[in-house]
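Shown next, in structure tokens, is the structure this report addresses.
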Amino acid sequence: EVELVESGGDSVEAGGSLRLSCTASGFPFDDTDMGWYRQAPGDECELVSMIRRDGTTYYADSVKGRFTISQDNAKSTLYLQMDWLKPEDTAAYYCADGFPPGQVWDGDCPHYPFGYWGQGTQVTVTS
């Protein structure tokens, strides 16, 4: 059974940091392009960052220079280090092998019809 479990979300002040984790099981994690997605209430589901199976990474312009994606294949765990957080980073964050860069999803992130999705972890940044 495939399972993705995110953790690390919290409420922090602007300028603060958080580290999200996503533990995966039930599929070849080290042979899968994995991403962090986020969705604020009323907004589209967007790709924040992705790490491909070849180790290359992608960052949305809005988080470039502030967020860092990494993975530990031995632990089947995906991370997102988030620094210099801004109020506009407030959203539910999901890990998934979802849609690639350049696409968005109008529906709820975990209801995207392809890939495996976690249940999400909430990040709230206060000003």
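Keep in mind it's a predicted model, so treat the numbers as computed, not measured. If you read the sequence from its start, that first residue is 1, and numbering goes on from there.
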Could you tell me the separation between the OG1 atom of Thr56 and the CD1 atom of Ile51, rounded to the nearest 0.5 Å?
8.0 Å
Cys22 and Trp36, any side-chain heavy atoms less than 4.5 Å apart:
yes
Shortest non-hydrogen contact between Gly107 and Cys45, atoms and distance:
O-CB, 4.0 Å
Quick check, are the ring centers of Tyr116 and Phe27 under 6.0 angstrom apart?
yes
Exam field: side chain Asp108 to backbone Pro110, donor-acceptor pair closer than 3.5 Å:
no
Indicate if Phe114 and Tyr37 have the same hydrophobic cluster label, given that clusters are the connected sets of ILVMFWY residues with side-chain heavy-atom separations under 4.5 angstrom.
yes
Between CG on residue Leu18 and CZ on residue Phe67, distance to nearest 0.5 Å:
9.0 Å
Side chain of Gln119, backbone of Glu6: donor and acceptor closer than 3.5 Å?
yes
Would you kindly confirm whether Val12 and Leu80 end up in one hydrophobic cluster when ILVMFWY residues are joined by side chain heavy atoms under 4.5 Å apart?
yes
Nearest 0.5 Å, what's the CG-OG1 distance between Leu4 and Thr23?
9.0 Å
Approximate separation, where rounding is to 0.5 Å, of Leu78 CG and Ser70 OG:
7.0 Å
Between Ser62 and Glu88, is any pair of side-chain heavy atoms under 4.5 Å apart?
no
Evaluate Met34 against Ile69 for side-chain contact (heavy atoms from CB on, under 4.5 Å), listing each step before the verdict.
CA-CA 10 Å; Met34 292 297 299; Ile69 192 170; 6.0 Å; no
May I ask you to test the Leu20-Met82 pair for a side-chain heavy-atom distance under 4.5 Å?
yes
In a check of side chain to side chain donor-acceptor pair (under 3.5 Å) between Glu46 and each of Gln39, Arg38, Gln103, which one passes?
Arg38
Considering all heavy atoms, the nearest Ala91-Ala40 contact:
CB-N, 3.8 Å
Closest approach of Asp89 to Val63 (non-hydrogen atoms, all atoms of both residues)
OD1-CG1, 4.5 Å
Checking Gln71 side chain against Tyr79 main chain: does a donor-acceptor pair fall under 3.5 Å?
no
For the residue pair Tyr59 and Thr68, establish whether any side-chain heavy-atom pair is separated by less than 4.5 Å.
yes
Approximate separation, where rounding is to 0.5 Å, of Cys109 SG and Glu44 CD
10.0 Å
How are the rings of Trp117 and Tyr94 set relative to one another: parallel (under 30°), tilted (30 to 60°) or perpendicular (over 60°)?
perpendicular
List the atom of Pro100, the atom of Met50, and the distance in Å for their closest heavy-atom pair.
CA-CE, 4.3 Å
Might you point out which heavy atoms bring Ser11 and Thr126 nearest each other, and give the distance in Å?
OG-CG2, 4.2 Å
Nearest non-hydrogen partners of Ala24 and Phe29, listed with the distance
CB-CD1, 3.6 Å
If we ignore hydrogens and angles and just use 3.5 Å, is the side chain of Thr77 paired with the main-chain N or O of Lys75 as donor and acceptor?
yes
Output the distance between atom CG (Asn73) and atom CG (Asp30), rounded to the nearest 0.5 Å.
5.0 Å
Any donor-acceptor pair under 3.5 Å linking the side chain of Arg19 with the backbone of Gln81?
no
Please determine whether side-chain contact (heavy atoms from CB on, under 4.5 Å) holds for the pair Asp83 and Ser17, giving the CA-CA distance in whole Å, both sets of side-chain angles, and the decisive distance to 0.1 Å.
CA-CA 4 Å; Asp83 299 315; Ser17 297; 2.8 Å; yes
Whether Asp97 side chain and Asp33 backbone form a donor-acceptor pair below 3.5 Å:
no
Taking the six-membered ring for Trp, is the centroid-to-centroid distance between Tyr112 and Phe99 below 6.0 Å?
yes
Does Thr121 reach the main-chain N or O of Gly9 with its side chain, forming a donor-acceptor pair under 3.5 Å?
yes
